2 protein chains.
Amino acid sequence: MALRHAVLAALLDGEYSGYQLAKGFDIGVANFWHALPQQLYAELAKLETEGLVTGREVVQEGRPNKRLFRVTEAGLAEMERFAARAAKPSFIRDDLLVKVQAVDGVAAAPVIEQLTERAQMADAKIELLEKLLVKLRGGADEEEFLRTGERVGPYLTCLRGLAFERESRDWCRRAAALLSERTAAARGRG
Amino acid sequence: MALRHAVLAALLDGEYSGYQLAKGFDIGVANFWHALPQQLYAELAKLETEGLVTGREVVQEGRPNKRLFRVTEAGLAEMERFAARAAKPSFIRDDLLVKVQAVDGVAAAPVIEQLTERAQMADAKIELLEKLLVKLRGGADEEEFLRTGERVGPYLTCLRGLAFERESRDWCRRAAALLSERTAAARGRG
DNA sequence: CCATCATAGTCAACAATCTGAATAGTCAGA
DNA sequence: TCTGACTATTCAGATTGTTGACTATGATGG
């Protein structure tokens, strides 16, 4: 059971449809979990049959109806149990790092390109996360909000996501610059 | 195909057995990939039938024989192709972050405890990685090594792993301290 | 009028990963 | 001599995650 708790955690924020969860970066969980729409729909269906969430149909005009889900008491209890049992250690799992690991044995140019792209994507995500943080703390000072705010969980996970993206961007830029210099130097030597 | 390239990348460093990879994933590729022994043995077998690695039996005394694998030319070519095609974006996927996301709705104490444990584990990994970096650069200065060293790929991935662990540790400590203060403050108010 | 995008959701097939157990020999300590 | 830990590997089965296609409707742009 993996995705289920991420979905439950996302739904603690309020009512969402599968579609909203699939799209929603502003719903926070995207910082530390990723899933395709199909998985989310499937997981929501399973959670509903198990009584951990309930869905209600919302009739819409000008667009298809949707089903909004919220966590039940049983769902919250499940989350409570999940939070209390030991978490397994986490790790980065990233194709790009595999490529960099092998970069001394293969052509560096495409790896440099991918590092640059990744850095740009990180920039975009950083901007999004910074805006999200401002929104979450509602104009208040960060320290103040963290001391006295009501819901600091999503804020803390955003901070983690932001730090990760910043580190990722800086490292990508540094590695790209370095590999470029080395390629240039190698060409210089013939 | 996912694990296969991580294994190939690891084997670019030299000859290893499945067992060594399973253990030393802590040292080598473990910064950005994780796999159980069973997966590694299975993947190595598949890679061998496809001719991307070759294994040779090494007879040992006082312990079971082992099979050491190395990358073939076909394997290197496969790595080359892999490095050249676009990498998918990566993300953190971590149970502990899910728990922190939900911390406003569940008991904070076990989450704080897990954050503290995680910070300690990060400390241990930081120490390991720092030693590994020193070993990799062979006593030379880092800048100098990165400019002129022969194999910078593993060094760069270690740097990324180190940055990740440091960020992780700092965030865990900060989150744990903050949640503790908030719990104390809440008790104070009754 | 047509193409395309956004909303909203579903199905089937497949690949990747994890859980749990088993085998089998060596070595060190109680 | 029994116990447990380390080396070294294998098998079966379940769970998770990915790929690709498909159904609808309404809105937007050319």
Side-chain angles (χ1 to χ4, degrees), chain A residues 1-8 15-27 29-30 32-50 53 55-69 85-95 98, chain B residues 1-8 15-26 29-30 32-50 53 55-69 82 85-95 98:
Chain A
M1 310 298 154
L3 178 58
R4 65 196 302 102
H5 298 109
V7 170
L8 286 172
E15 278 188 326
Y16 294 102
S17 68
Y19 189 78
Q20 284 174 298
L21 286 177
K23 291 268 132 178
F25 191 91
D26 45 330
I27 315 169
V29 205
F32 52 86
W33 213 271
H34 151 87
L36 298 165
Q38 299 95 311
Q39 272 177 278
L40 291 169
Y41 287 117
E43 197 62 51
L44 284 168
K46 246 169 71 184
L47 285 167
E48 195 178 21
T49 65
E50 290 171 40
V53 306
R56 63 185 182 93
E57 187 89 11
V58 172
V59 180
Q60 296 186 114
E61 280 176 56
R63 61 180 61 182
N65 296 342
K66 62 181 174 185
R67 301 200 68 215
L68 292 182
F69 294 89
R85 64 172 193 261
K88 347 177 177 167
S90 79
F91 42 84
I92 310 182
R93 184 175 273 190
D94 187 346
D95 275 1
V98 176
Chain B
M1 309 297 155
L3 177 59
R4 66 193 303 101
H5 298 110
V7 170
L8 285 173
E15 280 188 324
Y16 294 103
S17 68
Y19 189 78
Q20 283 174 299
L21 286 176
K23 291 267 131 178
F25 245 47
D26 269 350
V29 204
F32 52 86
W33 212 272
H34 152 87
L36 299 164
Q38 301 94 309
Q39 280 176 271
L40 290 169
Y41 286 115
E43 198 61 50
L44 283 168
K46 246 169 72 184
L47 286 167
E48 194 178 20
T49 65
E50 290 171 40
V53 306
R56 63 185 182 92
E57 186 89 14
V58 173
V59 180
Q60 298 185 115
E61 279 175 58
R63 61 181 61 183
N65 296 344
K66 63 180 172 183
R67 301 201 68 216
L68 292 182
F69 294 90
F82 170 69
R85 63 170 193 262
K88 345 176 179 170
S90 78
F91 40 85
I92 310 181
R93 185 176 271 188
D94 187 346
D95 275 2
V98 175

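On a predicted model such as this, the values are computed, not experimentally measured, just so you know. Numbers restart at 1 for each chain; the letters A, B, ... are given by sequence-line order, proteins then strands.
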Completion exercise
Separation of D:dT16 atom C1' from B:Leu3 atom CG, nearest Å, is 16 Å
Exercise for the section: State whether A:Tyr19 places a side-chain N or O below 4.0 Å from either non-bridging phosphate oxygen (OP1 or OP2) of C:dT7. Expected result: yes
Exercise for the section: Could you state the atom-to-atom distance from CG of B:Leu36 to P of D:dT10 in whole Å? Expected result: 16 Å
Problem - Phosphate contact (D:dA24 OP1 or OP2) by A:Arg63 side-chain N/O below 4.0 Å - result: no
Problem - Interatomic distance, A:Asn65 CG vs C:dT10 P [rounded to whole Å] - result: 12 Å
Completion exercise
note: B:Lys46, atom NZ; D:dT9, atom P; distance rounded to Å ~ 19 Å
Exercise for the section: Could you tell me whether the phosphate oxygens of C:dG9, OP1 or OP2, come under 4.0 Å of any side-chain nitrogen or oxygen in A:Ser17? Expected result: yes
Problem - Euclidean distance, atom OH of residue B:Tyr41 to atom P of D:dT9 [Å, nearest integer] - result: 4 Å
Exercise for the section: Using heavy atoms to find the nearest nucleotide of DNA chain D for B:Phe91 and A:Pro64 separately, return the residue whose nucleotide is more 5′. Expected result: B:Phe91
Practice task
For B:Lys66 and C:dA24, give me the distance from atom NZ to atom C1', rounded to whole Å.
Solution key: 18 Å
Fill in the blank from the handout: When rounded to whole Å, the CG to P distance for the pair B:Leu40 and C:dC18 reads 10 Å
Fill in the blank from the handout: Residues A:Asn65 and A:Val59: closest non-hydrogen pair is OD1-CA, 3.3 Å
Fill in the blank from the handout: A:Glu61 atom CD is separated from D:dT25 atom P, nearest whole Å, by 16 Å
Fill in the blank from the handout: Closest non-hydrogen atoms of A:Leu44 and A:Val53, given as atom of the first, atom of the second and distance, are O-CG2, 4.0 Å
Exercise for the section: Ignoring hydrogens and angles, answer whether the base of D:dG20 and the side-chain atoms of A:Gln38 contain a donor-acceptor pair closer than 3.5 Å. Expected result: yes
Problem - Distance test, side-chain N/O of A:Lys88 to OP1/OP2 of C:dT19, below 4.0 Å - result: yes
Fill in the blank from the handout: Contacts of B:Arg93 and B:Phe69 projected onto DNA chain D by closest heavy atom; the upstream (5') one is B:Phe69
Exercise for the section: Mind running side chain to side chain contact (heavy atoms under 4.5 Å, CB included) on B:Asp95 and A:His5 for me, showing each step along the way? Expected result: CA-CA 8 Å; B:Asp95 275 2; A:His5 298 109; over 6 Å; no
Handout entry: Side-chain donor or acceptor of B:Glu48 paired with backbone N/O of B:Gly55 under 3.5 Å
Key = yes
Practice task
Examine C:dA8: is either OP1 or OP2 under 4.0 Å from a nitrogen or oxygen in the side chain of A:Gln60? Give yes or no.
Solution key: yes
Exercise for the section: State the CG-NE2 distance between A:Leu3 and A:His34, to the nearest 0.5 angstrom. Expected result: 10.0 Å
